[in-house]
Every structure is written in structure tokens, then in C-alpha cells.
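Here's the structure we're looking at; comments come further down.
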2 protein chains.
Amino acid sequence: MVTLKQLARELNVSISTVSKALNNSEEIGEETVRRVKELAELYNYKPNKVALSLKQNKTKTIGVIIPNILNHFLAKVLFGIEREATKLGYNIITCISNESLDKEKESLQILANGSVDGFILSVAEETQIKNEVDHFKKTISQGLPIVMFDRVAHDVMCDKVIVDDFDATYNATKGLLNEGRKRIAFISNIDQISVGKLRERGYAKAILENHDMEPITLIIKKKDDHQKKIKSFLKKNKDIDGVIAADSSSGIIAINTAVNQGKKVPKDISVIGYASRADSNHTLPRLTTIRQHAKVIGANAAQMLVHRLQNMHLNEDVKTKIVKTSLVKTKSILKENNP
Amino acid sequence: MVTLKQLARELNVSISTVSKALNNSEEIGEETVRRVKELAELYNYKPNKVALSLKQNKTKTIGVIIPNILNHFLAKVLFGIEREATKLGYNIITCISNESLDKEKESLQILANGSVDGFILSVAEETQIKNEVDHFKKTISQGLPIVMFDRVAHDVMCDKVIVDDFDATYNATKGLLNEGRKRIAFISNIDQISVGKLRERGYAKAILENHDMEPITLIIKKKDDHQKKIKSFLKKNKDIDGVIAADSSSGIIAINTAVNQGKKVPKDISVIGYASRADSNHTLPRLTTIRQHAKVIGANAAQMLVHRLQNMHLNEDVKTKIVKTSLVKTKSILKENNP
DNA sequence: GTGAAAGCGCTAACAA
DNA sequence: TTGTTAGCGCTTTCAC
């Protein structure tokens, strides 16, 4: 890499002259500016990022800590973050906590040594179970702002981007009730994390508003055979005529299994799941999905963080942004499910 | 963040003494070392990464350029890279090229300003179509090594990690032939990229070895309705009794569609697809999959890059590592498909 | 209009 | 054993 020093020597001017010329300082003579820029162009000079970071005490880099990159929703949020961050002139350093509290702590630690200006993260499962938040608070008190998305720690004062999980699930369940469904089940593979709980509560509320109904819930555990569990669940509960799935796999497997067991979808059973467009392709009929607009969530998180970084001195109050889901209806539910 | 300067002042010693003490230099007295370490611990001192990078002219950071993070295989490779890199003491800066040549060039450019020590990347689709490689060569000549994985540019001299796509597809197709299948189709949603072509060629070779057979190929385009295309393809070609799918969605949709059209899997039709474990859960029966061991690929790429970074002076020859796929057989093919 | 010098945080050669 | 100094690449204040 060419440095200012090298350019300066070659041009027989001082380093600071070169620096100023390249930064369009008024101080420098027109002719000099031209010469400097020409040579810089020729050598493809690019200011050294590390030196700039050191000097200006900011890296223009965001630390992103994702619990699980193989989760399609989280990958999509990452996509949104990356795109927005790039647009705003920031790079992202990605760490994967793998749902582990220790890895999360460690990532925070390692990047807080000057590598990044702030963090965007979704809380690891283990962290949520143990309800630990000190590492977040410590990071923030060190002057590194955090934006949390989706799985957030409510006890931590920081900017947040969340989904209206409770309302969305409540409304989806209401929709199935309005179709006339009487035995609606809730299937979840994400019972341990905050959003999973919110979804379950939204479902339960809608069900319990009918005095003659009770929630029917199937929780899948990590170690379970996902397909087998749902198969035997549907076999045992033959009267189930509706399913709300808290995660994409459960929704897909529910439809495919129901069809396989000879049920007609949506005649005999309606299915709605949290999933993305690509997922809905994996069933026939396509799965009706609650879309979380992951990319928007990511973009919002990036915007909030950058905004805070650029207004650190103002000490603004923390904000929570709610990104509304939308229900994309397909043939996995009855046509007129609104009265 | 606490700095050496602050510690030094508080302890009434010089900065270098503090530095040496923390780095366990033999030079410093036992007692001094103790005092320094104590205070450093108290203040939770961490050496400033940026300053270190500047000083040592290396960042211990790897630039990773992924064409598409929503592709499960690529996400999984990223996972493998991250884990191995972390293990080796490296961070990763992630850029997403979004299959665009310009974004790929730009990412390379931006990170080559001192932000990273080297790159791990998979070539963008547009880059492969236009067959551009200058930006890679330029980066390498600037002293930043590249490791390419999966989609590689053969004209670029650099380390590579690839999959035995050709052989794996050839063998899978042979397997179906050995079952006695006569009308085996190849379905691909990734016809434009190098690995897609390799897979098609592997399939074609196996088919053409039978003098009475012809390849039957369905290429899905980006703008197509994936489900519809496969549906009408299978409807039009009712005699198809085997499918090799080049990508995971095609495999899943093929099974679900076949079942939907009243075919028995695997009695009437066998299906094999490039897909991961999670995907195979999305069909009944489960999809027989060619596993690419994405995490292993990622880990290998990270190892190769770090090895090269740590042996830059040796100027070793470039290597290409082939990671073998494995075929995971399930009930989507006939039990005895080997003669 | 140009340059010298300080300083961001750190390491290391050299001096004391 | 400890301290001084220079230098990594850059910006910026202050002299000239």
C-alpha cells in the first residue's frame, strides 16, 4: 500500500501538504493539489483505514453478534444490516454466538477493544434462559452503544428493534377462529426464547377468549426428531383443524405431514406459520406465512446504531422500534377467513 | 478504554515498563509486574486493537465475501469460517456481494485499505458469467492472499477449497440407474454458476454412458415460479422415474410435487438433491441428500488462509483442497440402489 | 501556500 | 531493572 509519506517524497513536498491536498483543503495551491491528486490516482492511493481509526478514535465498523446464522430469519436480518451499513459507510464484523452466553460475552469483549464503534445483536438463547445482562450493561457503560433486535433483553437500556410477535400471532389465531376452526394447535420449536414465548401467549390469548376452548400446544425440543414429533402429534389429535407454527420448519412439516396423513389442506386443516417466501414454496399448497420483514429489521437496526454513533454527544433517550409483520395468505387457509 | 499511558501515570512508571510488564517481559522486576498486572486487571485493561494493527501492520482480521447469505449452503460455510477463524484468533469482516461483480470489486477495494490481512470468498454469479478476474489478481498482487471456495475462478492463482461436484452428481445418477431408473431428469436452479454446470455435466456423463438414453433437463430461471415450473414439468413428463436436483429447493419441491400428483416416492420415482439435513425434513419421505459438508469447507478455507498469512515469506505454491461430499440415503430412493 | 510537530496507543531498540 | 525514543499512517494546529 502506498502511504502519504511515499507520495510526499516523490513530489518533494511535505506529508501534511499531501494530506491537505487530498482532503481538498483551501490552504493548498491549485497546481499542487493537481499534482498530488494525479500521483495519488496513479498509485491508487487509499488512506490506511487503521491509521485513520486510531487517529479519529472511531472505526466505522459495527460489531454484529448473531445467535445462529443457519436460522433463515437471522441470516436475512444480517443481510439487511450489511446492506444498510454499507450504504452508511460502515463495515460489519460478524460474530456468531451459537446461542451460547460465553461466546456472546467473549465476542463483546474481543470487539470492545477498539475494533468496533458499537454493536447490533440478538440475544443468545442461553443468555435469555439465564437472564444475564451484565455484559451488555458493561459494554454500554464503556461507551459502546448496542442495538438489540428480535430477541431483546428488556432490562437493558438500549435501542431495540422488535416484531409485533404477540399481536401477529393473536391476529393469525383469530383469523383461523373466524374461519370456524375449533381445534387449533400451536407448534413451536423455539419455546425457550423470548419471541417464542410471545407467540405462544398471543395464540393462547386468542384461544382463551373463547370460553369453551383450551390451548393445544406441541413443543419441539432440540434433541427431538422434528418430523416424527409432529407426525405422532397430528395422528394422536385427529380433530385438529388448524395449526399456528412459531417457526418455519414446524409450519412446513405440519402441512406436509397433514397431507401425507390424508388430510386436505385447507379443507380439513388450516396452517399458518412464521416463515419466509422461499419456505412457503416447500409445501403444496403453499404455506400461509407471517412475514417478519427481516431485512427491514436489519436496516432499521443499522440506522438506529449509526444515528446514535453520530449523535453520541446528545445522549438521546433509547428508542424501541416495532416492525409490523404482515400476513401473506395462500391456499393453506380458507379463502374467507375474515367474517 | 484504559490505555497504557493512564496505567503508567497512576503507577508512576513509564509506558514501556507497563507494556513490558503486561507482555511478561523478562526485563521487568517481579514486584513491578505484579503491581502493573493488578491495576490492569482492576481497570480491565485490554490492548487497543487498532493501535496494535497499525504497529504490527497486520489486523488479524479476515475479509469474507459471500455472494448470498440467504443461500443455506453459503451461510453454513460462513459459519464454518467464523468458527475456525475465531479459534485461530482472527475476526471476520463480512461483505455480501449479492452476486454482483461491482459489489464484489468494491468490497475487495474497501477492505484492501488495511482493514484485513486476506480474503476468503466465493465468486459472484455475475463475475462468473462475465469471467472477470482482474480484481482478484490485483488484490493478490497487493500482498493480500485470497482463498476461494466452492465457486472458484480457475484462472486465478490462489488457494482453493472445492467440492467434488462432478463426481458426486455422476455417482448419484449412476445410483439411480442401478435402481433400474430409465427416465432420470436433472433439475437446476443454479445453471449459471460454475458448480451448477459441473453438476449438470456429472449427471449428463452418467446418462450418456447408456447409449439409449438422453439427458432430460429442467433449468429454473431467477424470475420463474419455481413450484409452477416443476409442477408442469413433471406433469408433461409423466414417465420420469428419477430426479437429480442441483439445489435444495428443487429437490424438495420435486418430491412434494410428485407426491401431490399421486406418485409414490420412491416406488414410482426416486429423488436425490443437493441439500442439508434441515432441508431433508421438509419432505415426506425425507429427501436423499448429497451433503457438501459446508462447515468443513469453511473451516478448511480459514485454515488455508491463516496458514498462508503465517508463512507469507515462504511463498508456498497454491493448493486446491477437495472436500468430498457424502450421500445420505433415505426413503426417497429404492433401498437397494447398488447392484 | 507550505511545512514542522504533536499525538492517537502501542512495541521495541537502545540508553541509562 | 527501568526509561527514552522512534515509528506505524494519518490529521491538524501552529509557525513560517
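In what follows, chains carry the letters A, B, and so on, assigned in the order in which the sequence lines appear, proteins first and then strands, with residues in each chain numbered from 1.
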Review point. How long is the line joining CG of A/Asn23 and C1' of D/dT13, in whole Å?
Key: 15 Å
Exercise for review: Send over the distance from A/Ile15 CD1 to D/dT12 C1', rounded to a whole Å.
Suggested key: 13 Å
Check your understanding: Whole-Å distance between D/dT1 P and B/Leu11 CG?
Key -> 18 Å
Check your understanding: Could you give the CG-to-C1' distance, from B/Leu54 to D/dT11, as a whole number of Å?
Key -> 13 Å
Check your understanding: What does A/Asn57 touch in the nucleic acid at a heavy-atom separation under 4.0 angstrom: a base, only the sugar-phosphate, or nothing?
Key -> nothing
Check your understanding: Are A/Gln6 and A/Tyr43 close enough that a side-chain donor and a side-chain acceptor fall under 3.5 Å?
Key -> no
Exercise for review: Verify the contact: side-chain N or O of A/Lys58 to OP1 or OP2 of C/dC8, cut-off strictly under 4.0 Å; return yes or no.
Suggested key: no
Exercise for review: Assign A/Thr32 to base, sugar-phosphate, or nothing according to its heavy-atom contacts below 4.0 angstrom with the strands shown.
Suggested key: sugar-phosphate
Exercise for review: Please report the C-alpha distance between B/Thr86 and A/Lys103 in whole Å, then the side-chain angles of each, then the deciding distance to 0.1 Å, and finally whether the side chain to side chain contact (heavy atoms under 4.5 Å, CB included) criterion is met.
Suggested key: CA-CA 10 Å; B/Thr86 302; A/Lys103 181 82 198 296; 3.9 Å; yes
**Study point:** Test item: A/Asn300 side-chain N/O and A/Ile297 main-chain N/O as donor-acceptor pair under 3.5 Å
**Key:** no
Study note, to complete from the structure: Checking D/dC10, C/dC10, D/dG3 against the side chain of A/Pro47 (C-beta onward), the nearest is D/dC10
Practice item. Give A/Lys20 one of three labels, base, sugar-phosphate or nothing, depending on what nucleic acid heavy atoms sit under 4.0 Å from its own. Key: base
Exercise for review: Would you kindly give the NZ-to-C1' distance between A/Lys5 and D/dC8, to the nearest whole Å?
Suggested key: 8 Å
Point to revise | Value in whole Å for how far the P atom of D/dT1 lies from CZ of B/Arg35 | key: 15 Å
Review point. Do the charged groups of B/Glu38 and B/Arg34 touch, with an N to O distance under 4.0 Å?
Key: yes
Study note, to complete from the structure: Side-chain atoms of A/Ala51 come closest, of C/dG9, D/dG9, C/dT11, to D/dG9
Check your understanding: Hey, does A/Ser19 reach any base, or is it just sugar-phosphate, or nothing, if we go heavy atoms under 4.0 Å?
Key -> base
**Study point:** Whole-Å distance separating the CG atom of B/Leu22 from the P atom of C/dC10
**Key:** 9 Å
**Study point:** Presence of donor-acceptor pair under 3.5 Å, side chain of B/Ser16 and base of D/dT4
**Key:** yes
Check your understanding: With respect to the phosphate group of C/dT2, does any side-chain polar atom (N or O) of A/Thr17 fall under 4.0 Å of OP1 or OP2?
Key -> no
Review point. In terms of the nearest nucleotide of DNA chain C, which residue is placed more toward the 5' end: B/Glu27 or B/Leu52?
Key: B/Leu52
Practice item. Begin from the C-alpha positions of A/Asp159 and A/Leu305 and carry the test side chain to side chain contact (heavy atoms under 4.5 Å, CB included) through to its verdict. Key: CA-CA 8 Å; A/Asp159 293 321; A/Leu305 183 62; over 6 Å; no
Exercise for review: With DNA chain D as reference, determine whether B/Lys55 or B/Ile28 sits nearer its 5' end, using the nearest nucleotide of each.
Suggested key: B/Ile28
Practice item. Determine the contact category for B/Val13: base if any of its heavy atoms lies under 4.0 Å from a base atom, sugar-phosphate if only primed atoms, P, OP1 or OP2 are that close, otherwise nothing. Key: sugar-phosphate
Exercise for review: Please state how far atom CE in B/Met1 lies from atom P in C/dC8, giving the value in whole angstrom units.
Suggested key: 14 Å
